[in-house]
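Heads up, the thing below is written out as structure tokens.
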Amino acid sequence: MPELPEVESIRRSLEAHLVGRKVVRVRIERQDIVCAPSGGSHLDLLASSHIKSLRRHGKQMAIIADDRRALVIQLGMTGRMHLMPKGRHLRGSDARHCHVKWLLDDGTRLIYQDSRRFGRLTPCASVDHLEDRWSQLGPDALLARPERLRNQLVKGQRAVKAVLLDQRRIAGVGNIYADEALFGARLNPMRPLDSLSEPDRHRLVHHVRVRLRSALRHGGTTFSDHRTPDGSVGSWGSKRQVHGRRGAPCVNCAHPLSSGTVASRTTVWCDRCQA
DNA sequence: CTATGTACCTGACTGC
DNA sequence: TGCAGTCAGGTACATA
């Protein structure tokens, strides 16, 4: 379940292998994960382009070609990118649900796999279309200045967790890190946003950033699906303090953690520590 | 504006 | 061992 740290670790891994490579051939096995192109009627997925850079905003990633074309990659819940050196192949269950394959000029294959097919690939005619698209999202939770993020958490009565998950407010926070950051900031997930004080918002943004950075250092959270393209797993999962620990003792006060649905998502929190 | 609900999907897990 | 049922959650869209 890729959130920002998972996507960023994938981006870095792909950047190291893809920049400077030329796409020789693209094979689309399933058309339904490819979205209508932004800014062009029949764009392919970077066929015969040279790859110039890889960018990320929130949970979205983009491959940028030197002809200014771009390909947006949203991994959804179970999307993975595999990098297979020449001669090596995916085996067993990893060989299933491979929807798009790119052959590169050094013989490497890049493979987009997504068992649940919540992910999407969107071709953009130019980086301008990419910028347009990303301007609809809030500031990136890791790249933006904390002050800017705090300002995104000012107006409204929605539950603070619902706002954290809203990618138009802040881009990159998903269910796991939302729960973890709210626990760190000692804020109840159901608190209406405009009941937060300035120090509350300060703590919340601080904890969002701390958790995301910490997870990134550890290669992301792994407890089911996440892999970097070279197949390694993230190790941050064991540092979770609330997510997936319903009923287990709070790490602060040992009171059993509560759970329920907030913003139509499974949510875990401590009744005693999070007011 | 906000809040809620549903659809999209498959794999992992639980209980019988 | 099998099989039905439940759960997981990112995103888009419809509904109230």
Side-chain angles (χ1 to χ4, degrees), chain A residues 1-8 10-11 29-36 38 56-62 72-81 90-100 112-122 133-134 136-138 140-141 152-182 189-196 208 211-212 215 220-227 233-234 236-237 240 242-248 257 259-269:
Chain A
M1 35 208 68
E3 296 185 30
L4 189 153
E6 291 75 29
V7 177
E8 177 61 15
I10 293 166
R11 189 199 67 80
E29 311 277 3
R30 275 199 82 113
Q31 195 58 240
D32 58 354
I33 57 109
V34 179
C35 285
S38 171
R56 180 192 61 74
H57 189 101
K59 303 171 198 169
Q60 300 190 17
M61 187 167 53
V72 178
I73 300 167
Q74 291 175 273
L75 296 170
M77 282 295 301
T78 50
R80 287 189 200 171
M81 303 298 292
L90 291 171
R91 305 167 156 267
S93 62
D94 273 351
R96 303 184 63 197
H97 310 298
C98 293
H99 307 312
V100 181
Y112 175 73
Q113 180 196 42
D114 185 4
S115 59
R116 293 176 71 179
R117 305 204 301 279
F118 285 5
R120 289 292 178 265
L121 304 182
T122 309
R133 182 189 172 91
W134 282 357
Q136 321 275 313
L137 299 173
D140 183 88
Q152 293 294 106
L153 299 179
V154 172
K155 265 194 310 206
Q157 295 143 245
R158 302 165 69 192
V160 57
K161 173 160 176 180
V163 178
L164 273 185
L165 292 176
D166 184 344
Q167 303 297 298
R168 291 165 304 184
R169 291 278 195 135
I170 290 178
V173 181
N175 201 40
I176 299 173
Y177 299 104
D179 277 7
E180 297 299 325
L182 287 163
M190 281 166 289
R191 278 273 294 276
L193 185 68
D194 53 14
S195 76
L196 300 197
V208 165
R211 310 276 158 149
L212 292 176
T221 303
T222 296
F223 60 101
S224 58
D225 290 306
H226 170 62
R227 296 285 188 286
V233 300
W236 194 76
R240 285 175 291 142
V242 285
H243 190 271
R245 296 191 64 237
R246 163 174 62 182
L257 295 173
S259 77
T261 300
V262 180
S264 16
R265 296 304 225 298
T266 302
T267 302
V268 184
W269 71 93

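Proteins come first, then strands; the chains are lettered A, B, ... in the order of their sequence lines, and each starts at number 1. Hydrogens, waters and symmetry mates play no part in the numbers below; they use all other heavy atoms, side chains included. The shown structure was predicted, so the numbers you read here are calculated from the model rather than taken from an experiment.
When the P atom is compared between B:dC9 and C:dC3, the two are found 24 Å apart, to the nearest whole Å.
Residue-nucleotide stacking is present for A:Phe118 and B:dC8, judged by a side-chain ring centre under 5.5 Å from the six-membered base ring centre and planes under 30° apart.
When side chains are defined from C-beta on, A:His57 counts as touching A:Leu137, because their heavy atoms get closer than 4.5 Å. A:Arg117 has its side chain within reach of A:Ile33: a pair of non-hydrogen atoms, C-beta onward, lies under 4.5 Å apart. Inter-residue side-chain proximity for A:Asp166 and A:Arg158 is flagged as met; some heavy-atom pair is nearer than 4.5 Å.
Regarding contacts with the backbone of B:dT4, every side-chain N or O of A:Ser264 stays at 4.0 angstrom or more from both OP1 and OP2. For the pair A:Arg96 and B:dG11, the criterion of a side-chain N or O lying under 4.0 Å from OP1 or OP2 is met. At B:dT4, none of the side-chain N or O atoms of A:Arg158 fall inside 4.0 Å of OP1 or OP2 (strictly under the cut-off). Distances shown here put a side-chain N or O of A:Arg117 below 4.0 Å from the OP1 or OP2 atom of B:dT10.
As rounded to whole Å, 14 Å separates atom P of B:dA3 from atom CE of A:Met190. If you take NE2 of A:His97 and P of B:dC8, they are 18 Å apart, rounded to a whole angstrom. Residue A:Asp114 contributes atom CG, which lies 12 Å from atom C1' of C:dT11 at whole-angstrom precision. Rounded to whole Å, the distance from CG on A:Asp32 to C1' on B:dC9 is 11 Å. In this structure, A:Leu193 places its CG atom 15 Å from P of B:dC1, rounding to the nearest Å. With rounding to whole Å, A:Ile10 atom CD1 is found 14 Å from C:dG10 atom P. If you measure from atom CD of A:Glu6 to atom P of C:dA8, you get 18 Å, rounded to the nearest angstrom. The distance between atom CD1 of A:Ile176 and atom P of C:dA8, rounded to the nearest whole Å, is 12 Å.
Base contact: A:Arg265 has a heavy atom under 4.0 Å from a base atom. Among the protein residues, A:Gly119 comes within range of no part of the nucleic acid, since none of its heavy atoms lies under 4.0 Å from any strand.
Comparing B:dG11, C:dT11, C:dA8 by their closest approach to the side chain of A:Thr266 singles out C:dA8. Of the candidate nucleotides C:dT11, B:dT10, B:dC8, C:dT11 has the atom lying nearest to any side-chain atom of A:Lys59.
The closest side-chain donor-acceptor pair between A:Gln113 and A:Arg96, if any, does not fall under 3.5 angstrom. A donor atom on one side chain and an acceptor atom on the other are not found under 3.5 Å apart for A:Asp179 and A:Tyr177.
If you check residues 161-169 of chain A against DNA chain B, you find no residue with a heavy atom closer than 4.0 Å.
Other residues, nucleotides and ligands contribute only 12 or fewer heavy atoms inside 6.0 Å of the CZ atom of A:Arg246. Sparse packing is recorded around CD of A:Gln157, with 12 or fewer heavy atoms of other residues, nucleotides or ligands lying under 6.0 Å away.
Closest approach of A:Gly58 and A:Asp140 over heavy atoms only: N-OD1, 2.7 Å.
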